[in-house]
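Structure, as structure tokens:
Reminder, nothing fancy here: chain letters follow the sequence lines and each chain counts from 1.
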Number of protein chains: 2
Amino acid sequence: MAVEVLHSGVLEAIGAEITGGVLPAGAVLTLEQIQQRFGVSRTVARETMRSLEQLGLLTSRRRVGLVVRPSSDWMVFDPRVIRWRLAGPGRLGQLRSLTELRAAVEPVAAAAAARHASPDEVDALLAVSARMRELGEAGRLEEFLAADVEFHALLLRAGRNEMFAALTGVVAEVLAGRTRHGLMPSRPRAEALDAHDAVAAAVRSRDPEAAERAMTVITTEIRAALGDLH
Amino acid sequence: MAVEVLHSGVLEAIGAEITGGVLPAGAVLTLEQIQQRFGVSRTVARETMRSLEQLGLLTSRRRVGLVVRPSSDWMVFDPRVIRWRLAGPGRLGQLRSLTELRAAVEPVAAAAAARHASPDEVDALLAVSARMRELGEAGRLEEFLAADVEFHALLLRAGRNEMFAALTGVVAEVLAGRTRHGLMPSRPRAEALDAHDAVAAAVRSRDPEAAERAMTVITTEIRAALGDLH
DNA sequence: TCTGCCACAAAGATGCGACCTTTGAAACCC
DNA sequence: GGGTTTCAAAGGTCGCATCTTTGTGGCAGA
């Protein structure tokens, strides 16, 4: 990340504008405009355009320009798109739909983890859930968030399914988003800590059903917390 | 697809080689090689490289070249990556992981559809499930597949959750993949047809739990069919 | 001989400007 | 008025020049 190339800056700017609704579907850009606005060469403008095209944010048409596509065409699983949307208006809706996805996948992933996790992964899960309890009870929210992310990442990877593992980034964004938007109690609830312990314990005892149930407790609580914001 | 630009051809070729394992993780390409091998300009080689980079298939490092990344870094939700992998070796593993994802998401999506589907969508679901029965009993597999894809696409969209809707392409690929690989009986099983009807009926009567149960019947059957191939 | 610093070169990153190709749309003809 | 032709706008491709980063090998000192 350190040495981000030129192209990225332009991408970030336009990507945020499109996902944030500043540039609505149907709006038209041209390479020329991009070059002038950002003071970059055609090469860079073109590469940026290609990136945006791959994200489904726009399509390029000869003689017309770069046309912004409707949100239904966006690649909403892409981490960048998720980040932009969580940073813009409509972030609550985004958080809600992501949370529903989590609620669907994570229980099943927990069951898979109970079947396939390696001994090392089991140990790591237990260790992280213990750490979550310490940090949570000490009110160290920053570190608690990091541990929470690690817990879910471990679990998703332990299921030995690359599609689940690929959702690690999504879950991390959701967790971070919750914290950023004050949807977390100042001290994690004891039920949440217990549920994480229960998931880890179920994985250790190779009990898929128990793991699934315990994870469902977690996702249900999260959905409830989001629901309160209606 | 008609007017494919140059850049796409190169992308397809290299993308397929990487995802197919011809170019293993750690392999190194250079822009120069790409230019010569495909007879394209540096611009095209660069744009291709950017595309592959966004898909997580490789990273570019100065003084080194374009390094192929391990499969754990690939954006496995991207439709192109899915298509390439289903076309190459390891397609069965890919089909299996995608099916697990479906099994996790679709029941929840069915429940969401029961809550949020519009009257038009309900009608469409009922119509398509009826059509599936006709086509299935007539043994017209091609058309049956198309109707099947439409059914699941409708359902995913009706849940009013963009993340679910974004999985339409994944489901379509899985269904098509099953048919292509002879995992479908020559005549769809009556239980499957009944289950689709049951999902549609549950959505009509706004019964999320019933919709979820009925969809679980479908996904369970599919997983069983895949399991037989061990 | 081993260690560390430095210069060189390889390969990507960026920039430019010319020319090609497609295509929307206006001008024109029947 | 409708179909056809012409034109120009905007992306697509190209090749080359220059800049920047960084791996590597060589040289010098301990």
Side-chain angles (χ1 to χ4, degrees), chain A residues 1-15 17-18 22-70 73-75 80, chain B residues 1-15 17-18 22-70 73-75 80:
Chain A
M1 276 296 121
V3 200
E4 265 325 322
V5 283
L6 228 185
H7 149 257
S8 321
V10 185
L11 205 177
E12 287 293 319
I14 302 185
E17 285 180 11
I18 294 179
V22 178
L23 291 171
V28 175
L29 303 174
T30 67
L31 288 177
E32 184 80 17
Q33 286 170 25
I34 296 177
Q35 289 185 59
Q36 302 204 344
R37 175 171 161 199
F38 295 94
V40 296
S41 72
R42 188 180 179 79
T43 310
V44 173
R46 279 184 62 69
E47 282 179 11
T48 304
M49 178 275 288
R50 277 272 189 259
S51 297
L52 293 166
E53 194 173 35
Q54 288 214 24
L55 295 178
L57 300 191
L58 53 76
T59 57
S60 84
R61 288 164 55 196
R62 292 196 186 202
R63 167 66 212 231
V64 175
L66 314 172
V67 185
V68 176
R69 296 173 72 177
D73 292 341
W74 300 348
M75 308 215 32
R80 276 164 302 194
Chain B
M1 280 300 116
V3 200
E4 266 325 322
V5 283
L6 235 185
H7 152 255
S8 319
V10 184
L11 203 174
E12 288 293 319
I14 302 184
E17 283 179 13
I18 295 177
V22 179
L23 292 171
V28 175
L29 304 174
T30 67
L31 288 178
E32 185 80 18
Q33 287 170 24
I34 296 177
Q35 289 184 60
Q36 300 204 344
R37 174 171 162 202
F38 296 94
V40 296
S41 73
R42 191 173 184 77
T43 308
V44 173
R46 274 183 68 65
E47 284 179 10
T48 303
M49 179 275 289
R50 277 272 192 260
S51 296
L52 292 166
E53 195 173 33
Q54 287 216 20
L55 294 177
L57 299 191
L58 52 77
T59 58
S60 83
R61 286 165 54 195
R62 293 193 187 204
R63 169 66 214 231
V64 175
L66 313 171
V67 186
V68 176
R69 298 172 71 177
D73 292 341
W74 300 347
M75 307 215 31
R80 277 163 303 195

Length of the line joining [X]:[atom1] and [N]:[atom2], which is rounded to integer Å:
X       : N      : atom1 : atom2 : answer
B:Leu11 : D:dG12 : CG    : C1'   : 16 Å
A:Arg61 : D:dA10 : CZ    : C1'   : 12 Å
A:Gln36 : C:dG15 : CD    : P     : 14 Å
A:Leu58 : D:dA10 : CG    : C1'   : 14 Å
A:Leu31 : C:dA18 : CG    : P     : 17 Å
A:Arg50 : D:dG11 : CZ    : P     : 12 Å
A:Glu32 : C:dC16 : CD    : C1'   : 13 Å

Does any donor-acceptor pair link the side chain of B:Ser60 with the base of C:dG12 at a separation under 3.5 Å?
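Side chain to base: no pair present.
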For D:dG12, does the base pair up with any side-chain atom of A:Arg42 as donor and acceptor (N or O, under 3.5 Å, distance only)?
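Present.
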Side chain to side chain contact (heavy atoms under 4.5 Å, CB included) with A:Pro24: which residues, sequence neighbours excluded?
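Counting only residues at least two positions away or on another chain, A:Pro24 forms a side chain to side chain contact (heavy atoms under 4.5 Å, CB included) with A:Ala27.
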The criterion is side chain to side chain contact (heavy atoms under 4.5 Å, CB included); which residues satisfy it with B:Val67, sequence neighbours excluded?
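Here the qualifying residues are B:Val28, B:Thr59, B:Arg61, B:Val64.
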Pairs involving residues 22-36 of chain A, ordered by first then second residue, that meet side-chain hydrogen bond (donor to acceptor under 3.5 Å, both in side chains) (sequence neighbours left out)
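Matches after skipping sequence neighbours: A:Glu32-A:Gln36.
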Does C:dA13 have OP1 or OP2 sitting under 4.0 Å from an N or O in the side chain of B:Arg46?
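It does, given that an N or O in the side chain of B:Arg46 lies less than 4.0 Å from OP1 or OP2 of C:dA13.
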Look at A:Ser41 and C:dG15 and indicate whether a side-chain polar atom (N or O) is within less than 4.0 Å of OP1 or OP2.
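Yes, A:Ser41 has a side-chain N/O under 4.0 Å of OP1/OP2 on C:dG15.
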Got a sec, which pairs hit salt bridge (Lys or Arg N to Asp or Glu O under 4.0 Å) with one end in residues 37-49 of chain B, sequence neighbours left out?
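Checked against salt bridge (Lys or Arg N to Asp or Glu O under 4.0 Å) - neighbours excluded - the pairs reaching residues 37-49 of chain B are A:Arg46-B:Glu47, A:Glu47-B:Arg46, A:Arg50-B:Glu47, B:Glu17-B:Arg37.
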When you measure from the side chain of A:Trp74 to the backbone of A:Arg69, do you find a donor-acceptor pair of N or O atoms at a distance under 3.5 Å?
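Yes, because the side chain of A:Trp74 sits within donor-acceptor range (under 3.5 Å) of the backbone of A:Arg69.
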Does some side-chain heavy atom of B:Ile14 sit less than 4.5 Å from a side-chain heavy atom of B:Phe38?
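Yes. Closest side-chain heavy atoms under 4.5 Å.
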Please classify the nucleic acid contact of A:Ile34 as base, sugar-phosphate, or nothing, using heavy-atom distances under 4.0 Å.
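Result for A:Ile34 = nothing.
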Tell me what B:Thr43 touches on the nucleic acid: a base, only sugar-phosphate, or nothing, going by heavy atoms under 4.0 Å.
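Since a base atom lies under 4.0 Å of B:Thr43, the category is base.
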With sequence neighbours excluded, what pairs up with A:Ser51 under the side chain to side chain donor-acceptor pair (under 3.5 Å) test?
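If we apply the side chain to side chain donor-acceptor pair (under 3.5 Å) test to A:Ser51, skipping adjacent residues, the hits are A:His7, B:Gln54.
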Extract from the structure each pairing of a protein N or O with an N or O of nucleotides 5-9 of chain D at less than 3.5 Å, listing the distance.
from	atom 1	to	atom 2	distance (Å)
D:dA8	N3	A:Arg63	NH1	3.3

Of the listed nucleotides (D:dG15, C:dG12, C:dT14), which one gets closest to any side-chain atom of A:Glu47?
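The nucleotide sitting nearest to the side chain is C:dT14.
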